[in-house]
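One structure below.
Owing to the predicted nature of the structure, the values given are computational and were not obtained by experimental measurement.
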Amino acid sequence: MGLSWQYWQVLCNRSSEVEESQSIYQSILASLVLLCQGYIPAVILGIPIGMLIGMNNVIYQIFKRICHIPATIPSIALLPIALVGFKNNQHAILFLIFFSAIWEMIVNTGTGVQEFRRNDNNFRSAIHHTFTGLRMGMRLAWFTLIAAEFLTGSQGLGFFIWDAYNSNMMNEMMKALLYVGTIGFLVDGVLDLAEYLISRQVADEQNM
């Protein structure tokens with residue numbers, strides 16, 4: 001009887017571990033989906049706007065200073081306004097991701113176009129500044145997403161961390177924090193690699 005009870009406890013513990021593992025992976029997926037849904041529209045809109053303002057030095061200087069105003073506002077501070085405006089937690093979070101990412105993309109892409117024009121059509125300089133904006137926008141978007149999930153989410157890594165804290169599940173909380181850092185590092189690395197490959201391709205074409 002004692003052995004049967006111990007065996008049952010082991011099975012229950014393993015089942016609990018599997019459920020927790022599935023939960024954290026579902027949270028990662030939910031966060032990544034939200035990140036893409038907010039970040040990609042910022043890329044689609046931010047880079048063309050940056051290219052347009054970078055074509056004229058006067059317009060660039062004006063818009064650079066204008067963009068610095070919203071860029072200085074912590075995106076998470078807009079959460080109450082977003083919740084009132086959208087009346088939907090997920091839509092509010094998507095707005096915050098978009099808002100946090102787009103300004104750095106606009107300014108850095110504009111800077112890249114300016115450098116391209118100053119340095120005899122140096123594509124590598126333009127690519128570097130554009131990807132700097134993409135990386136900075138991604139970091140801000142990721143930070144904002146996790147913070148917003150703390151406060152409003154019913155899913156995602158931010159919610160998982162907060163829920164683990166409230167449930168006194170320190171191991172799960174630390175595991176989720178490790179995933180947050182790892183995902184941020186990997187995404188940053190992917191953007192670095194993309195910049196390197198594109199710059200190398202452009203350099204090869206210019207040398208032909």
If we ignore hydrogens and angles and just use 3.5 Å, is the side chain of T144 paired with the main-chain N or O of S75 as donor and acceptor? no
Heavy atoms from other residues, nucleotides or ligands near CE of M173 exceed 12 (cutoff 6.0 Å): yes
Single-linkage hydrophobic cluster L35~F159, side-chain heavy atoms < 4.5 angstrom: no
Shared hydrophobic cluster, I66 / I59 (ILVMFWY, side-chain heavy atoms < 4.5 Å): no
I'd like to know if M136 and V107 are part of one continuous hydrophobic network [Ile/Leu/Val/Met/Phe/Trp/Tyr, side-chain heavy atoms within less than 4.5 Å]. no
Do any N or O atoms from the side chain of E115 and from the backbone of A126 form a donor-acceptor pair under 3.5 angstrom? no
Report yes if the side chains of N108 and F131 come closer than 4.5 Å at any heavy-atom pair, otherwise no. no
Does a side-chain heavy-atom distance below 4.5 Å link I28 with Y25? yes
When every non-hydrogen atom of H128 is compared with those of R135, the smallest separation belongs to CE1-NH2, 4.4 Å
In Å and rounded to the nearest 0.5 Å, what is the CD to CD1 distance from Q61 to I53? 9.5 Å
Report yes or no: does T72 contribute a side-chain atom to a donor-acceptor pair with the main-chain N or O of I69 at less than 3.5 Å? yes
Do you know the tightest heavy-atom contact between A148 and I93? CB-CG1, 3.8 Å
Could you check whether any side-chain N or O of R117 sits under 3.5 Å from a backbone N or O of M55, counting only pairs where one atom can act as donor and the other as acceptor? yes
Would you say E149 and F160 make side-chain contact, with heavy atoms under 4.5 Å? no
Atom CZ of F63 and atom CD1 of I49: how far apart are they, to the nearest 0.5 Å? 8.5 Å
Here the pair of heavy atoms bringing I106 nearest to C67 is CG2-SG, 3.8 Å
Do M169 and N171 have side chains that approach each other closer than 4.5 Å (heavy atoms only, starting at C-beta)? no
Are side-chain heavy atoms of L157 and W142 found at a separation under 4.5 Å? yes
Heavy-atom closest contact (P41 atom, C36 atom, distance): CD-O, 3.9 Å
Keeping E104 on the side-chain end and G137 on the backbone end, is there a donor-acceptor pair under 3.5 Å? no
Are I198 and M138 connected into the same hydrophobic cluster when the rule is that any two of I, L, V, M, F, W, Y join if their side-chain heavy atoms are below 4.5 Å apart? yes
Any chance you could measure L186, atom CG, to T182, atom OG1, to the nearest 0.5 Å? 6.5 Å
Connecting only ILVMFWY residues whose side-chain heavy atoms lie within less than 4.5 Å of each other, what is the rest of V190's hydrophobic cluster? none
Exercise: identify the closest heavy-atom pair between V58 and N56: N-OD1, 3.0 Å
Can you check whether W162 and Y165 have ring centres sitting under 6.0 Å from each other? yes
Tell me, yes or no, whether the heavy-atom count around Y196 atom OH, taken from other residues, nucleotides or ligands under 6.0 Å, exceeds 12. no
Fit a plane to each ring of F116 and F123, take the angle between them on a 0 to 90° scale, and name the class: parallel (under 30°), tilted (30 to 60°) or perpendicular (over 60°). tilted
Qualifying residues under salt bridge (charged side-chain N to carboxylate O under 4.0 Å, His left out), relative to R139, sequence neighbours excluded: D188
Exercise: identify the closest heavy-atom pair between A176 and I161: CB-CG1, 3.4 Å
Can you tell me how far apart OH (Y179) and CD1 (I146) are? Round to the nearest 0.5 Å. 14.0 Å
Membership question, hydrophobic clusters at under 4.5 Å side-chain separation (ILVMFWY): are L140 and I102 in the same one? no
I'd like to know if the side chain of N89 and the backbone of T152 have a donor-acceptor N/O pair within less than 3.5 Å. yes
Under the 3.5 angstrom rule, does the side chain of Y39 hit a backbone N or O of L134 as a donor-acceptor pair? yes
To the closest 0.5 Å, what do you measure between CD1 (I73) and CH2 (W103)? 9.0 Å
Using 0.5 Å steps for rounding, measure from the CG atom of N57 to the CD atom of Q114. 4.5 Å
Any donor-acceptor pair under 3.5 Å from S100 side chain to I97 backbone: yes
